[in-house]
Protein chains: 2
Amino acid sequence: MNRRVARVAGIDYLDLEEHLGYALRRAQVASFQAFHRATAGARITPPRFTALVILQANPGISQSTLGEVLGTARSGAMLLIDWLEARGLAERRHRPDDGRAWGLYLTLKGQRVTNDLRRRVRAYDRRFASRIAVDERRELLRLLRRLAT
Amino acid sequence: MNRRVARVAGIDYLDLEEHLGYALRRAQVASFQAFHRATAGARITPPRFTALVILQANPGISQSTLGEVLGTARSGAMLLIDWLEARGLAERRHRPDDGRAWGLYLTLKGQRVTNDLRRRVRAYDRRFASRIAVDERRELLRLLRRLAT
DNA sequence: TATTGTTATACTCTATAACTATA
DNA sequence: TATAGTTATAGAGTATAACAATA
């Protein structure tokens, strides 16, 4: 989180700067820092934000599926839900159809917090992207999605 | 490292996929996985690879400066150099001009390993980028650099 | 048998702060 | 007094494996 992105003066980076992976990493760090500023106060990380949005759009989802979306082991998803539940943002409800799984839901407070965060994150994303033109942003998104497939 | 990138079927991602930060993260994870495959065998991580390249291009650099380049605290740079030194890839030499600082250098083995890794990473980067056209890659690099500033 | 959630454990990365030796 | 390196410590994040309950 304290990670800087700026090039260090007088240092030869060789062909490092020609690597897509390196450029991606640096842009991602810059984006993360902007995200962190945007969500200052709330102790929200990108995975937590993602979980909130996914719960909002997919009420009743299971922890396993959430873990799949986040790309983490189920145990990690569980700890994340513990965290959200301890803050009254999410809740586990028994599922009548499957006694093993929980259905995950946002609480009313969780809804409010998520809506607020979504606004803030959307604003930060716009500000972050303001370094490039609107059609460049669209093109960038398209290329990034292609690489992420 | 086990993190998946694929979209999960049947899940509503809401406006998450419109966020640059989210797209950057996913692309970066995909890139990291490709990097990991490319460097399989060598227990090399992106920061370690960066350190090797920086040492190769900037012999005699200090740990503090290396930490600055990597965006980590000096203690982290130190542990990284410990790791490289233990494997005979880098060495610390006393600096005549400053008794506090070390000068960092690649060993002969470090040179060989770094050259090999650079070849492999360059190849992986090309393969990774093959999902997009050459001029698209150039444009992508340009936009990413702009965002990372 | 397979899957969900849970628990315990461990590992990696990294930050912080205090310390020393030099400058 | 400021800086480079070191050391110790702690925290976050996440993986793995074993287990109970349920399918």
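By convention in this document, chain letters (A, B, ...) are assigned in the order of the sequence lines, proteins followed by strands, and residues within each chain are numbered from 1.
For B/Asp12, the salt bridge (Lys or Arg N to Asp or Glu O under 4.0 Å) test picks out no residue, with sequence neighbours left out. Residues passing the side-chain hydrogen bond (donor to acceptor under 3.5 Å, both in side chains) test with B/Arg142, sequence neighbours excluded: A/Glu136, B/Glu139. B/Tyr13 pairs by the side-chain contact (heavy atoms from CB on, under 4.5 Å) definition with A/Ile54, A/Val69, B/Arg7, B/Val8, B/Ile11, B/Leu16, B/Glu17, B/Tyr22, B/Arg26, not counting sequence neighbours. Taking B/Ser75 as the reference, B/Ala73 meet the side-chain contact (heavy atoms from CB on, under 4.5 Å) condition, with sequence neighbours excluded. Applying the side-chain hydrogen bond (donor to acceptor under 3.5 Å, both in side chains) criterion to B/Asn58, with sequence neighbours excluded, gives no partner residue.
Applying the ring-ring contact (aromatic ring centres under 6.0 Å, His included) test to pairs two or more places apart or on separate chains, none has a residue in residues 55-82 of chain B. Within the structure, the ring-ring contact (aromatic ring centres under 6.0 Å, His included) test picks out the following pairs touching residues 120-149 of chain A (sequence neighbours left out): A/Phe35-A/Tyr124. Within the structure, ring-ring contact (aromatic ring centres under 6.0 Å, His included) contacts touching residues 64-99 of chain A (residues at least two apart or in different chains) are A/His94-A/Trp102.
Taking five base pairs at each end of the helix from C/dT1-D/dA23 to C/dA23-D/dT1 and finding the rotation axis that steps the C1' atoms of four pairs onto the next four gives two axes whose angle is 0°, to the nearest 10°.
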Atom pairs under 3.5 Å, N or O on each side, protein against nucleotides 18-23 of chain C: can you list them with distances?
from, atom 1, to, atom 2, distance (Å)
C/dA23, OP1, B/Gly99, N, 2.7

So which protein N/O to nucleotides 11-13 of chain D N/O distances come out below 3.5 Å?
from, atom 1, to, atom 2, distance (Å)
D/dG13, OP2, A/Arg48, NH2, 3.4

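No N or O donor and acceptor, one from the side chain of B/Ser64 and one from the base of D/dT3, sit under 3.5 Å apart.
A heavy atom lying under 4.0 Å from DNA chain D marks none of the residues of residues 49-60 of chain B.
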